[in-house]
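Scroll down for the structure; my scribbles are underneath it.
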There are 2 protein chains.
Amino acid sequence: MSKADPEATPREFLPHDHAHCVSDAMAAAESLCAESGARLTPVRRRVLEILLEGHRPMGAYDVLSRLDAEGLGSKPPVAYRALGFLVDQGLAHRIERLNAFIACPHPSGQDHVAAFLICRDCGTVAEVPSAPPPLPAGFQVEQTTIEAVGLCTACADGPAT
Amino acid sequence: MSKADPEATPREFLPHDHAHCVSDAMAAAESLCAESGARLTPVRRRVLEILLEGHRPMGAYDVLSRLDAEGLGSKPPVAYRALGFLVDQGLAHRIERLNAFIACPHPSGQDHVAAFLICRDCGTVAEVPSAPPPLPAGFQVEQTTIEAVGLCTACADGPAT
DNA sequence: CTTGAAGTGTTACTTTGTATCATGTACGGA
DNA sequence: TCCGTACATGATACAAAGTAACACTTCAAG
């Protein structure tokens, strides 16, 4: 498996084989859950697929309306529970700035420290690996959120004409 | 003026002269606004004081109920507008994880990159200076959010007995 | 085949945040 | 001084996001 160059433009901002990321990530999720014993039930699996297919941050209610259309659930807790599960398992992340969720393209089972690049123009969000920021001693960090808002390459280069 | 040691435990997690931070920050806010021409109106000033006195993150509706009790306004937009102004001026920050706002203890007029340490036990939040995290080239960062959840020294040392 | 833990369905509600329009107020220029 | 414009506030009415609680089902381990 090839490791991404941390300096390069994230794949999310470039044209890429979309169906491929979906199937890859689903396969990774399946095997992680099999390994850990977590139950990837139909609703949870479908929510993960929806996030992966959307390939952008989706609000809980966006996800819910997809579920509803497919007869998989129509009430907020259904969506929130599935999303909570996925976040707990590291299969999805919550983007605090957007009150939204996005599938993790490379779930690893570990608590990887990730940063999110949020393009304010096109709405695309890229997850990039990141070191935990330097913080004072004497605070026991358990979880770190790093979110950067700005312009992706495409939007910076070709602003809406 | 003494510069804080970036390695030391942040003042927020230690006993300190509270009234002093309030008056210092208010004075700094006054002079920044005078300089920039921003209008620190009564409601805005009072909201800043409320945040400073609270010395912890407060929800917009917490602030609003204080305002209401004082006859300064009772409807959500009053609070949100004042808070928006303070955030724009760099006099307060929004803590995304908490949907809450906290006064900036050392407003500078600059867009300083700050990290927030959120104690999940006692709820105290400290603002600490931080470098922007290393991110891939090709994304034009405009604003960065860094929030760490964990345990402050006091709560890690003496867990609820 | 029972039993307990985990997952789902549903009701009802709380909390958080905004769009919009009407009204007020400070302040510089005619 | 009076006026207009820009900014600030007041108020209504919603929209969006999130959760507590309870009943019921399913799964899989003993």
Side-chain angles (χ1 to χ4, degrees), chain A residues 29-30 33-48 50-51 54 56-89 91-102 123 145 147, chain B residues 29 33-34 36-48 50-51 54 56-89 91-102 120 123 145 147 149:
Chain A
E30 299 274 4
C33 285
E35 196 176 336
S36 72
R39 291 164 58 188
L40 194 56
T41 62
V43 183
R44 292 167 175 180
R45 167 184 282 100
R46 188 61 193 126
V47 168
L48 181 54
I50 288 169
L51 288 181
R56 58 168 54 255
M58 301 180 72
Y61 284 78
D62 296 336
V63 171
L64 182 57
S65 70
R66 298 284 312 268
L67 289 180
D68 196 9
E70 301 174 15
L72 283 172
S74 62
K75 305 302 166 49
V78 172
Y80 281 103
R81 287 196 284 232
L83 289 165
F85 169 86
L86 296 173
V87 170
D88 285 348
Q89 302 301 314
L91 303 176
H93 300 286
R94 181 183 165 87
I95 309 296
E96 299 291 342
R97 287 287 295 232
L98 306 175
N99 291 341
F101 300 84
I102 192 166
T145 301
E147 295 175 3
Chain B
C33 286
S36 73
R39 291 165 58 187
L40 193 57
T41 62
V43 183
R44 292 168 175 178
R45 176 195 314 280
R46 187 63 193 124
V47 168
L48 180 54
I50 289 169
L51 289 180
R56 57 170 52 258
M58 301 181 72
Y61 283 79
D62 297 336
V63 171
L64 182 57
S65 71
R66 299 285 312 267
L67 289 180
D68 196 9
E70 301 174 16
L72 283 171
S74 62
K75 304 302 165 48
V78 173
Y80 280 102
R81 286 195 284 231
L83 289 165
F85 169 85
L86 296 174
V87 170
D88 286 348
Q89 303 300 314
L91 303 175
H93 301 285
R94 183 184 163 86
I95 310 294
E96 299 290 344
R97 286 286 294 232
L98 305 176
N99 292 340
F101 300 83
I102 193 166
R120 66 168 163 77
T145 300
E147 295 174 3
V149 177

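At whole-Å resolution of the value, CZ in A:Arg81 and P in C:dT8 are 8 Å apart. In this entry the distance linking OH of A:Tyr80 with P of C:dT14 reads 17 Å, nearest Å. At whole-Å resolution of the value, CE in B:Met58 and P in C:dT15 are 15 Å apart. Whole-Å rounding puts the B:Glu96 CD to C:dG17 C1' distance at 13 Å. Whole-Å rounding puts the B:Tyr61 OH to C:dT18 C1' distance at 9 Å. The nearest whole Å value for the distance from the CZ atom in A:Phe85 to the P atom in C:dG7 is 7 Å. Atom NZ of B:Lys75 is separated from atom C1' of C:dT23 by 14 Å (rounded to the nearest Å).
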Would you give me the side-chain donor-acceptor pairs under 3.5 Å for residues 63-86 of chain B, sequence neighbours excluded?
| unit_1 | atom_1 | unit_2 | atom_2 | d |
| --- | --- | --- | --- | --- |
| B:Ser65 | OG | B:Asp62 | O | 3.0 |
| B:Glu70 | OE1 | B:Arg46 | NE | 2.7 |
| B:Glu70 | OE2 | B:Arg46 | NE | 3.4 |
| B:Glu70 | OE2 | B:Arg46 | NH2 | 3.0 |

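In the set C:dG9, C:dG7, C:dT20, C:dG9 carries the atom at the smallest distance from any side-chain atom of A:Val78. Nearest nucleotide to the side chain of A:Val43, out of C:dT10, C:dT16, C:dT8: C:dT8.
You'll find the side chain of A:Glu96 stays beyond 4.5 Å of the side chain of B:Thr145, heavy atoms only. Taking the side chain as every heavy atom from C-beta outward, B:Ile102 and B:Arg94 never approach each other to under 4.5 Å.
Looking at heavy-atom distances under 4.0 Å, A:Leu40 makes no contact with the nucleic acid at all. Residue B:Leu72 is classed as a sugar-phosphate contact, given heavy-atom separations below 4.0 Å to backbone atoms only.
Nucleotides of DNA chain D that come within less than 4.0 Å of any heavy atom of chain A span, from the 5' end to the 3' end, D:dA17 to D:dC27.
The 5' end of DNA chain D is approached more closely, in terms of each residue's nearest nucleotide, by B:Ala38 than by the other of B:Ala38 and B:Ser74. Nearest-nucleotide mapping onto DNA chain C: of A:Pro76 and A:Ala82, the residue sitting toward the 5' end is A:Ala82.
OP1 or OP2 of C:dG7 lies within a sub-4.0 Å distance of a side-chain N or O belonging to A:Arg44. Within the structure, every side-chain polar atom (N or O) of A:Arg39 is placed at least 4.0 Å from both OP1 and OP2 of C:dT8.
Under the rule for a side chain to side chain contact (heavy atoms under 4.5 Å, CB included), the partners of B:Arg39 that lie at least two apart in sequence or sit in another chain are B:Thr41, B:Arg44.
Using a distance-only test at 3.5 Å, with no hydrogens or angles considered, a donor-acceptor pair links the side chain of A:Glu147 to the main chain of A:Arg97.
Contact between B:Ala100 and B:Gly59 at its shortest, heavy atoms only, is CB-N, 4.1 Å. Considering every non-hydrogen atom in both B:Ala38 and B:Gln89, the closest pair reads CB-OE1, 3.4 Å.
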